[in-house]
Amino acid sequence: MSAPSRTAELSAPDPAPATGLATAAGPVRDPGTGTPAGAAPGTGNGPALDEASALTGVPHILDNPAYAALHGPHARFAERVGRVVRYQLDVSPWLGMPEEPGPQDWADLAALVGPDTEVPLPATGVTLPEGWTLVDRLAGVQFVDAGLVAAHDAEAVRLGAADVPEMLDLVARTRPGPFLPRTVELGTYLGIRRGGALVAMAGERLRPPGWTEISAVCTDPGHQGQGLAARLVRAVAAGVRDRGEVPFLHTSARNTHAIRVYEHMGFRLRRTTEFGAARTPPAAGR
């Protein structure tokens with residue numbers, strides 16, 4: 001797995017493991033050793049700061065944001081088997097499971113995605129069942145708005161379905177994380193154009209009730225150093241706040257550049273997390 005790309009002023013808030021899938025949860029344990037991934041390095045804020053959950057163990061909606069979003073504002077995008085839900089495949093690679101998945105939940109996940117298929121790891125502190133293979137894991141961090149100066153931006157334009165080819169091209173060149181043909185339907189995406197060309201963008205992804213994740217933050221390499229990504233993050237955040245919701249985001253724990261920028265902008269570390277993927281068991285008889 002390659003390290004997340006550092007191609008925008010803020011770099012990528014969505015590190016992309018092999019599948020481009022991420023979990024906003026805690027460590028997933030290898031079925032053979034039961035060992036979690038290593039702790040994320042410090043960011044200067046000390047331990048996770050959410051006293052209602054990260055420090056006390058009390059569940060919080062941001063501990064399992066995809067699950068909450070797919071049972072809330074994004075229910076229209078959900079595909080499900082039992083208690084397992086995922087986004088439609090051309091919308092987002094994220095999926096959600098209950099906080100403490102049981103054997104039936106794992107069986108339902110395998111039924112939902114099929115045999116010998118790579119999937120994200122959305123559950124907290126779980127041990128993979130027998131037959132599953134741990135493919136990838138990467139320490140990450142989750143940040144929440146704690147004083148961000150949000151502001152609408154006159155140069156930022158709303159992006160829609162007609163802009164998707166340009167958005168996909170920009171994502172391919174900058175690698176901010178997974179962005180699919182219908183990801184734009186998840187929320188508001190804003191861009192900045194120069195000479196008619198899309199050179200920077202940011203938008204909304206997961207929407208657990210009361211919260212909105214800022215994602216797909218990227219800037220064309222030829223236009224970096226102008227603060228475009230920071231402006232778009234503030235503009236997207238302004239729209240989130242206008243709805244009475246709170247912005248949050250994710251990035252790799254190794255992405256110290258993005259972490260410093262987010263802290264400077266007014267985001268606060270809420271918790272360490274893990275991005276990872278596993279492969280479902282092969283079909284019977286193989």
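Because only heavy atoms are used, hydrogens play no part in the values below, and waters and symmetry mates are left out as well, while side chains stay in.
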**Request:** Classify the ring geometry between Y189 and F179 as parallel (under 30°), tilted (30 to 60°) or perpendicular (over 60°).
**Result:** perpendicular

**Message:** Rounded at 0.5 Å granularity, tell me how far CZ in F248 sits from CZ in R205.
**Reply:** 8.5 Å

**Request:** Work out which heavy atom in R241 is nearest to a heavy atom in P247; give both atom names and the distance.
**Result:** CG-CD, 4.4 Å

**Request:** For the residue pair Q226 and R194, confirm or rule out a side-chain donor-acceptor distance under 3.5 Å.
**Result:** yes

**Asked** Out of curiosity, E263 CD to T256 OG1, how far, rounded to the nearest 0.5 Å?
**Response** 10.5 Å

**Request:** Look up atom CH2 in W106 and atom CG in L128, then write down how far apart they are to the nearest 0.5 Å.
**Result:** 5.0 Å

**Request:** Could you verify whether a donor N or O on one side chain and an acceptor N or O on the other, from T212 and E245, lie under 3.5 Å apart?
**Result:** yes

**Item:** Between H74 and W94, ring centroids under 6.0 Å
**Value:** no

**Asked** Do the side chains of E274 and L138 get nearer than 4.5 Å, heavy atoms only?
**Response** no

**Prompt:** How far does CG of L159 sit from OG1 of T188, to the nearest 0.5 angstrom?
**Reply:** 10.0 Å

**Asked** CH2/W211 to CG/L249 distance, rounded to the nearest 0.5 angstrom?
**Response** 11.5 Å

**Request:** Give the cluster check for M201 versus V199: same hydrophobic cluster or not, with ILVMFWY residues linked at side-chain heavy-atom distances below 4.5 Å.
**Result:** no

**Prompt:** Quick one: do the Q142 and R271 side chains pair a donor with an acceptor below 3.5 Å?
**Reply:** no

**Item:** Main-chain N/O of V91 paired with T183 side-chain donor or acceptor, under 3.5 Å
**Value:** yes

**Asked** When the ring centroid of F267 is compared with that of Y262, is the distance short of 6.0 Å?
**Response** yes

**Message:** To the nearest 0.5 Å, what is the distance between SG on C218 and CZ on R175?
**Reply:** 12.5 Å

